[in-house]
Chemist: 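Dropping a structure here in structure tokens format, bear with me for questions.
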Number of protein chains: 2
Amino acid sequence: MAQTFVTAEEVAKRAGVSRSAVSRTFNGGSVSKSVRRKVLKAAGELGYRVNRLAQGLMSERSNLIGVVGANLSSPFISRQLDLLSIGLLRRGLQCLLLNAADARKDIAPLIELLFEFRAQAIIVLSGEPPTSIIDECIANGVRLILINQRLDRTDTSMVLSDDSHGAELAAMRLVKADCKKVVVVSSSSQTPSQVRRANAFSQRMGIEGIEVVAWSGGPTSYGSGYKAACELLSDKTIDGAFCVTDLMALGFLDAARLEMGRRVPEDLSVVGFDDIPQASWKSYQLTTVAQPLDDLTDKVLTALDSDETETRLQVVSVFMVERTTAR
Amino acid sequence: MAQTFVTAEEVAKRAGVSRSAVSRTFNGGSVSKSVRRKVLKAAGELGYRVNRLAQGLMSERSNLIGVVGANLSSPFISRQLDLLSIGLLRRGLQCLLLNAADARKDIAPLIELLFEFRAQAIIVLSGEPPTSIIDECIANGVRLILINQRLDRTDTSMVLSDDSHGAELAAMRLVKADCKKVVVVSSSSQTPSQVRRANAFSQRMGIEGIEVVAWSGGPTSYGSGYKAACELLSDKTIDGAFCVTDLMALGFLDAARLEMGRRVPEDLSVVGFDDIPQASWKSYQLTTVAQPLDDLTDKVLTALDSDETETRLQVVSVFMVERTTAR
DNA sequence: TTGAAAGCGCTAACAC
DNA sequence: GTGTTAGCGCTTTCAA
């Protein structure tokens with residue numbers, strides 16, 4: 001257990017060169033063929049690995065990117081994390097993952113921890129960092145990237161999908177399905193995204209002169225969608241539903257069909273949001289608004305790269321995926 | 001951008017004490033009340049954060065735990081990662097996540113990278129590290145923890161669920177359902193877990209004298225399960241199926257019912273493995289073998305703690321979850 | 001309890 | 001091209 005890694009000094013000694021020759025060999029400095037070969041040989045025999053901690057200490061570049069988020073096992077977020085971690089690795093960046101499950105409301109301590117590791121940038125998948133923390137990021141030159149979080153400041157990068165437009169797409173789709181009375185269901189967590197979607201939807205329906213009842217409760221889950229349908233569909237006049245996430249839509253769909261005896265889409269049209277993999281499963285075939293996650297990921301990585309105060313706010317466009325749950 | 005973090009030296013200067021007094025204040029060393037107060041005050045005003053990189057340089061404890069895995073957005077793995085990242089954080093450990101998506105077959109470079117960050121331990125969610133790397137872990141005192149990977153060595157920690165027993169449970173369940181000819185479906189990725197499950201199942205069925213045809217193909221996905229059912233169920237005599245993962249089972253189920261016109265469980269009994277959230281969704285209600293993930297996570301964290309060559313191999317027990325897809 | 005000094009493993013500026 | 005030297009920010013003896 002107490003074994004310790006080989007240092008550059010030991011390699012230098014074995015190769016019969018100076019400590020800096022070793023350093024240069026591993027950092028693309030100029031070294032003669034012969035020295036390089038000797039160093040590589042000695043390093044190989046000894047099992048030498050550069051110490052990135054020490055390296056980062058000097059260059060003040062840790063290569064660490066902090067990622068904080070909650071709900072990491074939800075289909076949507078997990079895909080986001082999957083793509084993000086691949087993208088980071090490809091760019092030679094390391095991903096320091098902090099699960100915000102225990103800190104839903106206050107992710108400040110998590111971000112502070114990331115400071116201590118001298119993370120070069122911090123990506124927030126969910127949760128809203130307090131202003132003081134944002135200021136501290138800027139003061140210390142740590143780039144902050146917020147996903148699906150819209151703040152009223154110009155000094156932090158935000159990547160968000162076009163929730164309002166998506167919700168309008170959903171609204172228009174239900175109009176097209178000739179719905180007379182619709183419901184919009186969201187969770188009680190009231191994330192900014194969900195709120196924007198629900199509001200934009202209601203507003204649009206208002207303009208169209210269609211009655212909408214809003215329901216919200218529980219976590220953002222299949223179960224909450226299920227519950228929503230059970231409670232709402234005793235009202236036989238409801239003929240349309242917009243669930244602000246697919247996960248809820250799927251639960252809603254199951255309860256509507258299997259519990260409340262509705263035929264979809266004949267009696268009831270349902271539209272979701274996100275386009276998670278399960279939405280395309282044969283039992284569901286959910287009509288939904290897609291957020292292209294690869295695009296979102298690209299934009300996050302772009303924000304990471306941009307050295308200066310470039311594109312502060314990037315929005316990823318959404319589109320309707322037509323399947324079978326809307327008439 | 002070029003701003004830099006405050007150092008302990010600056011704090012010391014402002015507080016009018018020595019550099020070491022600052023260090024002691026933040027590490028529970030013995031300091032007088034008054035000094036501690038002065039230091040804390042100065043640190044607060046300056047926005048000081050200890051530099052863990054430098055800290056780890058001295059103490060040779062980085063506090064970083066490397067996690068490598070692929071398929072991070074699959075329901076099963078993502079849940080695993082979710083629980084794991086929570087558990088690590090609770091123990092004051094940081095999670096350095098490396099996505100093995102690009103390196104399915106060879107995770108060696110990823111682990112080497114983790115060496116460079118002086119990770120204290122490495123947790124491998126998927127993929128099998130080459131022997132040379134394992135040796136290097138040991139040589140450097142890096143604890144290695146393999147999940148659902150059984151190696152024939154006594155010097156590395158392994159946590160695996162009882163695949164064979166689970167498969168036998170599945171077999172017995174299909175026997176109880178009075179199946180005459182069954183199929184076992186797995187993916188073409190042939191992970192050790194899947195192989196163990198498929199083999200144990202076939203073997204058991206052999207003992208019971210029941211004919212079993214093995215199918216494998218595609219990635220471990222809904223789509224592959226779907227495809228399996230389409231190809232297999234043209235044989236009308238098949239009346240039972242064991243899918244080695246729930247994801248495949250769900251696809252199988254959908255194709256069986258919606259594409260191949262089977263009634264489940266009347267004509268066909270289906271059993272899965274894992275018990276992912278979707279297995280309990282109303283449209284599926286899949287009878288399956290559950291792997292208790294919180295237990296698995298606990299065991300991984302235990303392996304992390306155990307300072308010495310303690311429990312090298314821990315197996316988490318599985319159990320049958322009875323729902324509606326087996327007669 | 002406190003400060004001075006040494007050193008963790010590395011890189012970079014400087015001479016040679 | 002190569003070695004020497006001086007730190008990076010921190011912890012940790014060692015005296016005081």
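Here is the naming used below: chain letters follow the sequence lines, and residue numbers restart at 1 for every chain. As a basis for the values below, the full set of heavy atoms in this structure was taken, side chains included, without hydrogen atoms, waters or symmetry mates.
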Chemist: Provide, to the nearest angstrom, the distance between the NZ atom belonging to A/K13 and the P atom belonging to D/dG3.
Modeler: 15 Å

Chemist: Can you measure A/R36 atom CZ to D/dT2 atom P for me and round it to whole angstrom units?
Modeler: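 That distance rounds to 10 Å.
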
Chemist: Does a side-chain N or O of B/S30 approach OP1 or OP2 of C/dT1 to a distance below 4.0 Å, or not?
Modeler: yes

Chemist: Set out, in order, the CA-CA distance, both residues' side-chain angles and the distance that settles side chain to side chain donor-acceptor pair (under 3.5 Å) for A/R312 and A/T154, then state yes or no.
Modeler: CA-CA 7 Å; A/R312 280 330 189 166; A/T154 62; over 6 Å; no

Chemist: Under 3.5 Å, which donor-acceptor pairs link side chains of residues 62-73 of chain A to any protein atom two or more places apart or in another chain?
Modeler:
from, atom 1, to, atom 2, distance (Å)
A/S62, OG, A/L64, N, 3.1
A/S62, OG, A/R118, O, 2.5
A/S73, OG, B/D82, OD2, 2.9

Chemist: Before you tell me yes or no, could you show the steps for A/T4 and B/N140 under side chain to side chain donor-acceptor pair (under 3.5 Å), namely the whole-Å CA-CA distance, both residues' side-chain angles and the distance that decides it to 0.1 Å?
Modeler: CA-CA 6 Å; A/T4 171; B/N140 292 308; over 6 Å; no

Chemist: State whether A/E45 and A/K41 are salt-bridged, where the test is any N-O pair (Lys NZ or Arg NE/NH1/NH2 against Asp/Glu carboxylate O) under 4.0 Å.
Modeler: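 Yes, this pair counts.
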
Chemist: In the 5'-to-3' direction, what one-character label does each nucleotide of nucleotides 6-16 of chain D receive under the scheme B = base within less than 4.0 Å of a protein heavy atom, S = sugar-phosphate only, - = no such atom?
Modeler: -BBBBBB----

Chemist: A/R36: what forms a side-chain hydrogen bond (donor to acceptor under 3.5 Å, both in side chains) with it, not counting sequence neighbours?
Modeler: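 Listed in chain order: nothing, the list is empty.
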
Chemist: Whole-Å distance between C/dT1 P and B/K38 NZ?
Modeler: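 These atoms are roughly 15 Å apart.
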
Chemist: Quick one: A/N63 CG to C/dC10 P, roughly how many Å, whole number?
Modeler: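 Between P of C/dC10 and CG of A/N63: 16 Å.
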
Chemist: Here's a test for you: under side-chain hydrogen bond (donor to acceptor under 3.5 Å, both in side chains), which of B/Q291, B/R150, B/R196 qualifies with B/D163?
Modeler: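 Going through the options one by one, the only one that passes is B/R196.
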
